[in-house]
Amino acid sequence: MTTNEETPADLRRRGLAKMTEVYGWEFEDGPGEHFAVTADHLFADIWSRPALTVRERRLLLLGALTAQGNVDVAEIQIGAALRNGELSEEQLREIALFLCHYVGWPAGTKLDGTVGKVIAQERRKK
């Protein structure tokens, strides 16, 4: 959460650090207002709130993205969850099956296919 003593540079550093934690790769500062809001608000403030863990937020995000049909964006979250050790391959498959029953079979099946794709990619990296 933003404090009164925090400078804009401190806020940006905190946001970049949280982005690095969430995605598992090093983030550097980026140009433009969209990046500024993403780093300074979404990650420095929202993803940093103490009531939910990164894993819990990622689970919610996977459900929301699947429900909206944005499985291509979920691919980033799946890879990060695997790399960060937040979710196992089995858990990701179970999430897809579970979501089939709540957001529709086609959407959940699409997520399952994306999970399989990301798992294969991550295994090739090892």
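Here Thr20 contributes atom OG1 and Phe43 contributes atom CZ; the two are 10.0 Å apart, rounded to the nearest 0.5 Å. Note that CG of Asp45 and NZ of Lys18 are 11.5 Å apart. Values are rounded to the nearest 0.5 Å. Here the CG atom belonging to Leu59 is positioned 7.5 Å from the CD atom belonging to Glu56, to the nearest 0.5 angstrom. Here the straight-line distance linking atom CG of Leu97 with atom CG of Leu111 works out to 10.5 Å at 0.5 Å rounding. A distance of 7.5 Å separates CZ of Arg57 from CD1 of Ile46, quoted to the nearest 0.5 Å. Between the CG atom in Leu60 and the CZ atom in Arg55 there is a gap of 11.0 Å [rounded to 0.5 Å].
Partners of Arg12 by salt bridge (charged side-chain N to carboxylate O under 4.0 Å, His left out), not counting sequence neighbours, listed by chain and number: Asp29, Asp40. Applying the side chain to side chain donor-acceptor pair (under 3.5 Å) criterion to Arg124, with sequence neighbours excluded, gives no partner residue. Gln121 meets the side chain to side chain donor-acceptor pair (under 3.5 Å) test with no other residue; sequence neighbours excluded. Partners of Asn70 under the side-chain contact (heavy atoms from CB on, under 4.5 Å) rule, at least two apart in sequence or in another chain, are Leu65, Gln68, Asp72, Val73. The side chain to side chain donor-acceptor pair (under 3.5 Å) test applied to Glu75 returns Lys117, not counting sequence neighbours.
Among residues at least two apart or in separate chains, side chain to side chain donor-acceptor pair (under 3.5 Å) pairs with a member in residues 94-106 are Trp105-Thr109.
In the hydrophobic cluster analysis, where Ile, Leu, Val, Met, Phe, Trp and Tyr join through side-chain heavy atoms closer than 4.5 angstrom, Leu99 is grouped apart from Leu61. Two different hydrophobic clusters hold Leu87 and Tyr23 under the rule that ILVMFWY side chains link at heavy-atom gaps under 4.5 Å. Following chains of ILVMFWY side-chain contacts shorter than 4.5 Å, one cannot reach Met19 starting from Leu11, and the two form parts of different hydrophobic clusters. By the rule that hydrophobic residues join a cluster once side-chain heavy atoms approach within less than 4.5 Å of another member, Val54 and Val118 end up as members of separate clusters. The cluster map of Ile, Leu, Val, Met, Phe, Trp and Tyr, joined by side-chain heavy atoms under 4.5 Å apart, puts Phe27 and Ile76 in the same cluster.
Put simply, the side chain of Ile78 reaches to within 4.5 Å of the side chain of Leu62, judged on heavy atoms. With a 4.5 Å cut-off on side-chain heavy atoms, Arg58 and Val22 count as touching.
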*Could you go step by step and tell me if Glu122 and Lys125 meet the salt bridge (Lys or Arg N to Asp or Glu O under 4.0 Å) rule?*
CA-CA 5 Å; Glu122 291 297 317; Lys125 291 178 184 178; 3.2 Å; yes
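Residues Ala67 and Val103 share a closest heavy-atom pair of CB-CG1, 3.5 Å.
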